[in-house]
S.K.: 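Once you've had a glance at the structure underneath, I'll fire off some questions.
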Amino acid sequence: MKEIYLDNAATTRVNPQVAERMMDAFSNNYGNPSSLHRIGMRAEQTVKEVRERIAKTLNCQSEEIYFTSGGTEGNNMIIKGIVENKQRNRSRIITTSIEHPSVLDVFAFYEGHHIDVVVLGVDDKGLIDMDELKAAMDMDTILVSVMGVNNELGTIQDLRAIGKVIKTVNPKCVFHTDFVQGFMKIPVDVAECQLDALTLCGHKIFGPKGIGAVYIKKGIALKPLMRGGGQEKNMRSGTENVPGIVGLGEAIALRQNTYREEITTMRKLRERFIAGLEATVEDFKINGDPNGSPYILNLSFNRVRGEVLLHSIEGEGVYVSTGSACSSHKKEKQYVLKAIGLLGEYKEGTIRISFSKDITEGDVDEAVAIIAKAVAGLRLLVKVRRRK
Ligand SMILES: Cc1ncc(COP(=O)(O)O)c(C=O)c1O
């Protein structure tokens, strides 16, 4: 059976060239970057080159990049690092209601710890309100964390405008963005956005899982999460994951010259998907912002349960998700949909489609036909059951 993988926001297949480079690193570049001999220095040089590559894509200096084990660690490292380093008695931290759990749970952890935790709401598209942000900010605000691209809806926040608001009210406040779903998919310039910290990871861009990096602007003081051998300038102790870093570097190199054009291709695929559904399915909604990331399409079907639909089309080789993979184990699964005010049966019938460069127009047409058939079948079943 042909498989059409439309869950690329959860993770992507490792590019064969990335895997090849990693295999080579496992066998031939196996040194510890801290070792003083030639084999160690070779590994250190590789790590340096990838650091420089990441810095170039973000428009920062390579000394401002620190490797991590991925997005979750990066978000924890920044938020905890800033809060644990605070010098003042009263402080405030601000985020949004639709962040990834690796941000929201850390904020929730600090509630009641003599810290004022503010969670900003969003509108029906998933966008924050600049006036609300401005009103929430004060001179005691030490951190604002707003994700660049939402993992469930694809909503893109205006980081440049947010940075301006933050720095106008309190130039000392740290501005962080979780950019896991945006990195190498939509361009970002940390200087232009006045960002002090950014989180990225490898496995959303055809790189390996378990590798990521953070940008931390020079001069920003953080308490490290990991203490030990003092790697990463004491910010993240632990022997560097050299094969992972090689994989991340290769994944970036492979996208560097193409990802800006890929956006147009993704937009066309997304539009084709929507047009196909509109021609064949009734009673469904598109969630999020039409100007959001073209890589993500969040749909709600009335009178269908998302999870049932997911398994029904899985049987035909089409793979999607009901929300984010990371919240599928959590009790509160639909907090993002609640935050945008999606109610009732529509909320229950939500699936997330996420595209990649490997998806063709033919795949889109096939997936649409399979979804349309499954939705019709499931609705008929509900109708028959209700009649009984
Ligand atoms: C927006 C966002 N932030 C953070 C993460 C966590 O990244 P990782 O899986 O590398 O820990 C994810 C992963 O799905 C994500 O989508």
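Counting starts at 1 for both ligands and their atoms, following the listed order. These numbers come from a predicted model, not from an experiment. Positions are given from 1, in the same order as the sequence printed here.
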S.K.: Output the distance between atom CD1 (Ile4) and atom CD (Glu366), rounded to the nearest 0.5 Å.
M.R.: 4.5 Å
S.K.: For ligand 1, is there an N or O atom under 3.5 Å from any N or O atom of Ser102?
M.R.: no
S.K.: Using a strict cut-off of 4.0 Å, indicate which atoms of ligand 1 neighbour a heavy atom of Met147.
M.R.: 1 (C)
S.K.: Answer yes or no: does an N/O atom from Asp178 fall short of 3.5 Å to an N/O atom of ligand 1?
M.R.: yes
S.K.: Heavy-atom distances under 4.0 Å are what count here, so tell me which part of Glu73 touches ligand 1: side chain, backbone, both or neither.
M.R.: neither
S.K.: What heavy-atom pair brings Ile313 and Ala374 nearest, and what distance separates the two atoms?
M.R.: CG2-CB, 3.7 Å
S.K.: Who gets closest to atom 11 (O) of ligand 1 by heavy atom: Thr11, Val180, Thr72, Asn151?
M.R.: Thr72
S.K.: Any side-chain heavy-atom pair from Asn8 and Asp358 closer than 4.5 angstrom?
M.R.: no
S.K.: Using a 4.0 Å heavy-atom cut-off, which part of Lys209 comes near ligand 1: side chain, backbone, both, or neither?
M.R.: neither
S.K.: Gly212: heavy atom below 4.0 Å from ligand 1, yes or no?
M.R.: no
S.K.: Below 3.5 angstrom, do we get any N/O pair linking Gly71 and ligand 1?
M.R.: yes
S.K.: Does the Gln157 side chain pair with the main chain of Ile128, one donor and one acceptor, at a distance under 3.5 Å?
M.R.: yes
S.K.: Taking only residues two or more places apart in sequence or in another chain, which ones pass ring-ring contact (aromatic ring centres under 6.0 Å, His included) with Phe355?
M.R.: Phe273
